[in-house]
2 protein chains.
Amino acid sequence: MRERILDVALELFIEQGYDKTSLRDIAERLGVTKAAIYYHFERKEDILLELHLRLHAIGRDALDELESLQTAEAQMAAWPALIDGLIEQVIANREIFLVHVRNRSAFEQLGDDPRHLAEQDDLEDQVRRLLSNPDIPLAQRVRMTCALGAVVGALTSASNVFADVPDDELAKLMRDAVRDLTAPPRP
Amino acid sequence: MRERILDVALELFIEQGYDKTSLRDIAERLGVTKAAIYYHFERKEDILLELHLRLHAIGRDALDELESLQTAEAQMAAWPALIDGLIEQVIANREIFLVHVRNRSAFEQLGDDPRHLAEQDDLEDQVRRLLSNPDIPLAQRVRMTCALGAVVGALTSASNVFADVPDDELAKLMRDAVRDLTAPPRP
DNA sequence: GTCTATATTTCGATAGAC
DNA sequence: GTCTATCGAAATATAGAC
């Protein structure tokens with residue numbers, strides 16, 4: 001049941017946004033009452049938090065591995081593979097990424113809550129740290145940031161534009177495109 | 001005064017999000033009461049709508065010009081210049097883009113309102129139409145979409161990472177990076 | 001685990017004085 | 001143009017029966 005609530009909440013948070021979605025909306029679509037939801041989640045915020053943790057789970061391993069690399073050179077070399085992995089993940093978990101893209105301020109305010117994870121656990125902070133590493137040339141860091149934005153932006157903001165393109169083909173086109181970003185500038 | 005309200009609203013909508021920002025929050029920061037705001041705006045939504053129109057104004061000319069080009073070839077050729085222009089605009093109007101990126105669902109639901117602009121006026125629809133043009137090869141459209149995502153994503157989501165980079169330098173780095181996306185694939 | 005019923009709060013919006 | 005005061009709606013959350 002907990003899972004069904006999360007599924008419906010995910011749908012509605014994408015359709016209407018987190019704030020415009022009341023617990024009654026979720027309950028009605030499930031055919032239960034509002035109070036039933038409170039048996040599974042103490043607060044409405046906890047539903048959002050759970051969805052947030054799923055994004056963390058998706059990105060954690062890849063990011064930890066990247067951050068464990070000691071030299072800037074090693075990190076730069078590993079970046080293209082990370083982006084390729086990200087493309088797969090966004091395509092495979094479109095809705096989790098979508099709900100984040102469409103409710104950024106709601107998700108960010110989860111951090112205000114004391115129950116939230118420690119700062120070092122936060123995914124965005126980890127990314128920021130990597131992109132701030134002064135040992136990596138600024139030009140390269142800008143390209144890395146662009147690559148991130150390109151993948152997430154293209155596959156979420158305009159996802160419906162390429163809705164009829166098979167996942168495999170879309171992934172290949174994305175990889176080809178973004179590779180020109182992460183690779184060193186052409187002569 | 002209307003302008004001061006919009007300035008403060010812009011700040012708060014970025015900091016806390018549109019839904020978590022009450023009219024009392026805005027009024028307090030201005031040193032007035034809630035009722036004073038209602039003299040300048042009929043509804044809270046109208047404040048958001050006004051901010052939305054500012055984004056439209058920024059992008060309209062460039063997009064209209066692009067859409068007026070008749071052939072797909074001409075449109076493809078004009079794209080790199082459009083992206084360069086976008087880089088300048090995002091840097092010059094960071095906050096307007098920021099408030100949109102952080103409150104996507106709120107802005108999208110402005111469309112549900114009958115007072116909203118006609119569908120053909122909507123900026124995102126216009127972009128979608130361009131990116132859906134079947135006369136442009138799919139691979140190129142994917143690259144165009146990536147370029148858009150890269151510019152907006154890199155300059156908003158991670159804006160603070162490059163906060164101490166001068167605007168001019170950042171713009172140049174962005175142009176260099178994204179050019180490899182819009183240009184034809186390398187051999 | 002789910003229900004009915006209700007408590008509590010907050011917010012958007014209005015009326016009318018100054 | 002701004003204020004005080006208040007209305008009414010809607011949402012989160014709780015209490016207690018089944």
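Within every chain, numbering begins at 1; the chains are lettered A, B, ... in the order of the sequence lines, protein sequences first and strands thereafter. Note that these values count all heavy atoms, side chains included, but never hydrogens, waters or copies made by symmetry.
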Proximal nucleotide (of dT12(D), dT4(C), dC3(D)) relative to the A36(B) side chain:
dC3(D)

When you get a sec, tell me which of dT12(D), dA13(C), dT2(C) is the closest nucleotide to the side chain of R43(B)?
dA13(C)

Please tell me which of the listed nucleotides, dA13(C), dT12(D), dA15(C), lies nearest to the side chain of K44(B)?
dA13(C)

To the nearest angstrom, the OH-C1' distance between Y38(B) and dA5(D) comes to 15 Å

Can D64(B) and Q126(B) be said to form a side-chain hydrogen bond (donor to acceptor under 3.5 Å, both in side chains), step by step?
CA-CA 9 Å; D64(B) 283 348; Q126(B) 209 172 340; 3.0 Å; yes

To the nearest 0.5 Å, atom CD of Q140(A) lies from atom CG of L173(B) at 11.0 Å

Is any side-chain N or O of Y39(A) closer than 4.0 Å to OP1 or OP2 of dG1(C)?
yes

Among dT14(C), dT14(D), dG1(C), which is the nearest nucleotide to the side chain of H40(A)?
dG1(C)

Supply the atom-to-atom distance S157(B) OG to L98(B) CG, rounded to the nearest 0.5 angstrom.
8.5 Å

Of the nucleotides dA13(C), dT6(C), dT4(C), which has the atom closest to the K34(B) side chain?
dA13(C)

Under a 4.5 Å cut-off applied to non-hydrogen side-chain atoms, are L55(B) and F107(B) in contact?
no

Using a cut-off of strictly less than 4.0 Å, decide whether T33(B) has a side-chain nitrogen or oxygen near OP1 or OP2 of dT2(D).
no

